[in-house]
2 protein chains.
Amino acid sequence: MAEEGIRVQNKQVLLKNYVSGFPKDSDMYVTSESTISLKLPEGGGSNGVVLLVKNLYLSCDPYMPLLMQNPENSDRLPFDLYPLDSPITGYGVAKVVDSRHTNFKKGDLVWGVTGWEEYSFISETEQVFKIEHTDDVPLSYYAGLLGMPGITAYAGFCDVASPKKGDKVFVSAASGAVGQIVGQFAKLMGCYVHLLKNKFGFDDAFNYKEEYFPEGIDIYFENVGGKMLDAVLLNMAIRGRIAVCGLISQYSLEKPEGVSNLEQLIFKRIRMEGFGAPDYFGEYSKFLEFVMPYIRDKKITYVEDIVEGLENGPAALVGLFTGRNVGKQIVVVARE
Amino acid sequence: MAEEGIRVQNKQVLLKNYVSGFPKDSDMYVTSESTISLKLPEGGGSNGVVLLVKNLYLSCDPYMPLLMQNPENSDRLPFDLYPLDSPITGYGVAKVVDSRHTNFKKGDLVWGVTGWEEYSFISETEQVFKIEHTDDVPLSYYAGLLGMPGITAYAGFCDVASPKKGDKVFVSAASGAVGQIVGQFAKLMGCYVHLLKNKFGFDDAFNYKEEYFPEGIDIYFENVGGKMLDAVLLNMAIRGRIAVCGLISQYSLEKPEGVSNLEQLIFKRIRMEGFGAPDYFGEYSKFLEFVMPYIRDKKITYVEDIVEGLENGPAALVGLFTGRNVGKQIVVVARE
C-alpha cells in the first residue's frame with residue numbers, strides 16, 4: 001500500500017444553485033465533511049495533479065458570479081463554468097504542502113487560481129506564481145495589488161488605455177480591487193483623474209453635460225457598463241480610449257441594458273477594448289519591477305477589506321455586489 | 001468697379017427641413033434661382049474663398065442625414081450640421097474654374113468636400129485633392145473607390161482592423177460604397193470573407209449559432225449596428241477586431257437600439273474601434289500606390305449606380321436608405 005499523508009478536515013465552499021445575476025449567500029454552502037491527505041497521490045492520479053497547497057487568502061472578484069451561471073447560457077459565456085456541488089475556484093495566496101513540479105517546493109508561497117477550501121490540489125500551474133515574499137508588503141497583497149487585480153489595472157491602464165501625461169482619466173468602481181490602483185497609476189503618470197467611487201455608478205449624478213471634464217474624457221476605465229457607459233460615451237474626447245475591464249452593473253440582469261450611444265465611437269474615433277489579466281501574466285515580473293518601488297516609497301497605497309474564516313467567504317463574495325466592502329475584499333482561510 | 005465674371009445660373013439642392021432619421025425627398029428642394037459669377041470675388045471676400053469649382057460628380061453617403069439633424073441634438077453630434085435653406089455639402093469631383101490657391105489652377109480636376117450645386121466656392125482646401133487623371137479609370141471613381149469611400153475602406157480594413165492572412169472577415173453593407181471595397185481588399189490579403197450584401201442586414205438570417213464561421217469572426221467591418229452588431233458580438237473570435245465605419249440601421253431611429261452583448265468585448269478581448277476617413281487623408285498618395293495597380297490589373301472592380309442631373313440628387317440620396325441603389329451612388333452634375 002502506498003504511503004499516505006495524514007488525513008485532515010478540508011472545509012470547502014461549494015456551489016449550490018446556478019445563479020442568474022448576483023449570487024446570494026444561499027447559492028453557496030460550506031461543508032466540513034470532506035477530508036484530504038496532506039500528500040500528493042502516487043503518480044499524480046488520473047488528473048495530473050502536481051501541487052497540493054494550503055490556502056491562506058482568497059480573493060473575491062466580480063467575475064466570479066459569471067462562472068456560477070447555468071451552462072445553458074454557455075453560448076455567451078466562452079469559459080468553464082463552476083459545476084454544482086464542487087468547490088468554487090478563484091485567485092488566492094497559498095503555501096505549497098507537497099509538490100511534484102520542479103518550479104515549486106514544499107513551503108513555497110504562491111498566488112494563482114486555487115479552490116475555495118482549506119487545501120487544494122492543483123493540476124495546471126500556468127496560473128500559479130511563486131511569491132518572493134518580503135516583510136515590507138503584506139502577504140495578502142498577492143491576492144490584490146500584487147496579484148490578478150494589480151495586473152488587471154496595469155494591463156488595462158498602462159497598455160490598453162495608452163495613457164499620456166495630461167490625459168483626462170475617468171475611473172468607475174474606483175474603490176474596488178482594480179479601480180483604486182488605476183486611479184493611482186493615472187496620477188503617477190501625470191493624468192488628471194476623476195474617480196467614481198461607487199462601483200455601480202448609482203451614487204453619482206454623472207452629469208451628461210460634461211461635469212467633470214468639459215474638454216472630454218481621454219481615457220475611461222470601464223468597470224460598470226450600462227447607463228454609465230452610455231453617459232460617458234457622450235463625454236468622450238476625440239480619439240479617446242475605453243479600456244473595458246468589467247460591466248458589473250450588467251451581470252445581475254437577465255438581459256443587459258442596451259448601450260445606445262455607440263455612434264460616438266465613429267464620431268469621435270474612439271477605441272473600446274476588452275482585456276483580461278491572464279493575457280498579461282507573462283509580464284508579471286515586469287509588472288513587479290514597475291509597481292514595487294512605488295509601494296516601498298509609499299506612493300501607492302492599497303485598501304483591503306479582510307474577512308476572517310472560509311465560512312464567511314460566501315457573504316464576503318455576495319457583499320461585493322451590495323457595496324458592503326471598502327477596498328479589495330479578501331477572505332482569510334489561514335495565516336500560514 | 002472690379003472686374004466680374006459672367007454670371008450664370010447655379011442650380012442648388014438645399015435643406016428644407018431638419019430630419020430625424022432617414023431623409024425624404026421633400027426634406028430637400030432644388031432651386032434654379034441662384035446665380036454666380038464665374039470669377040472669384042476680389043480679395044477673397046470676407047470668408048476667405050480661394051477656389052471656385054464646377055461640380056461634376058457628387059457622392060451620396062450614408063453619413064449625410066446625420067448632418068441634416070436639428071441642432072438641438074448637437075450634444076450627440078460633434079460636427080457642423082447643415083443649415084436650413086443652404087446647399088447641402090458632401091464629397092464630389094469638380095473642375096477648378098478660378099483659383100487663388102498656389103496648389104490649384106484653372107482646369108485642374110479635384111475631389112473633396114464641395115456643395116450640392118453646379119458651382120461652389122471653397123474656402124478650406126484641407127479636404128480638396130488634385131486628381132492626376134488618366135484614361136484607364138473613370139473620373140467618377142474619385143467620388144468613390146479613389147475618393148473618400150476608398151480611403152475609408154483602406155483605413156478601416158488595412159489599418160484599424162489589423163488584418164492578417166487567413167483571418168475570417170465579415171462585412172456588413174457589403175454592396176455599398178465602402179463595403180464592396182473592403183470585401184475585395186480582404187480577399188486580396190488572403191482572408192476568408194463573408195459578405196452581407198443588404199446594407200441593413202435585414203435580408204440575412206444571420207444565425208446567432210455561428211453559421212458562417214464556426215471558429216469565430218476575426219474581423220467585423222461594421223456598417224450596420226443594432227441587432228446585427230449584437231449577433232456578431234456573440235460570434236466573434238478571441239482577440240477579434242471590429243472596425244466601426246457606420247451604424248446605418250440606427251441613424252433612422254429616434255433612439256438607437258441598445259447593444260446588449262458588449263460583455264463579449266471582455267470575454268474575448270475584442271477591440272472595437274471607430275474611425276473616419278479624414279484622419280487618413282494625409283496618406284492619400286500611399287493609398288493610391290496601394291490601390292491603383294489592383295485597379296489596372298482588374299483585381300479590384302467597382303460597381304457604381306450613376307444618376308444623371310442634380311435635380312435627381314435628393315431622390316438618389318434618399319434611395320441609399322431604401323436600398324434603391326446597386327453599388328456606389330453617384331449623381332452627375334455635369335460631364336466636364
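For clarity, every value in this text was computed on a predicted model and none was experimentally measured. Each chain gets a letter, A, B and so on, in the order the sequences are listed, and its residues count up from 1.
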Select one option (side chain, backbone, both, neither) describing which atoms of [X] are under 4.5 Å from chain A's heavy atoms.
X	result
Y251(B)	side chain
I270(B)	backbone
L66(B)	side chain

How long is the span from the [atom1] atom in [X] to the [atom2] atom in [Y], to the nearest 0.5 Å?
X	Y	atom1	atom2	result
E263(B)	I248(A)	CD	CD1	13.5 Å
R76(B)	L234(A)	CZ	CG	8.5 Å
F275(B)	R271(A)	CZ	CZ	15.0 Å
S260(B)	L253(A)	OG	CG	10.0 Å

Residues K268(B) and P78(A): closest non-hydrogen pair is CE-CG, 4.1 Å

Tell me, do L265(A) and E273(B) make a side-chain contact under 4.5 Å, heavy atoms counted?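 Side-chain contact under 4.5 Å: no.
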
Are side-chain heavy atoms of L262(B) and V244(A) found at a separation under 4.5 Å?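 Side-chain contact under 4.5 Å: no.
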
So with a 6.0 Å cut-off around OH of Y192(B), is the heavy-atom count from everything else above 12? no

Which region of L229(A), side chain (C-beta onward) or backbone (N, CA, C, O), has a non-hydrogen atom less than 4.5 Å from a non-hydrogen atom of chain B, or is it both or neither? side chain

Leading residue by heavy atom contact count with chain B [cutoff under 4.5 Å; candidates L233(A), D279(A), L247(A), I238(A)]: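 It is D279(A).
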
Given the options R241(B), K255(B), Q250(B), R239(B), which has more heavy-atom pairs under 4.5 Å with chain A than any of the others?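 Heavy-atom pairs under 4.5 Å are most numerous for R239(B).
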
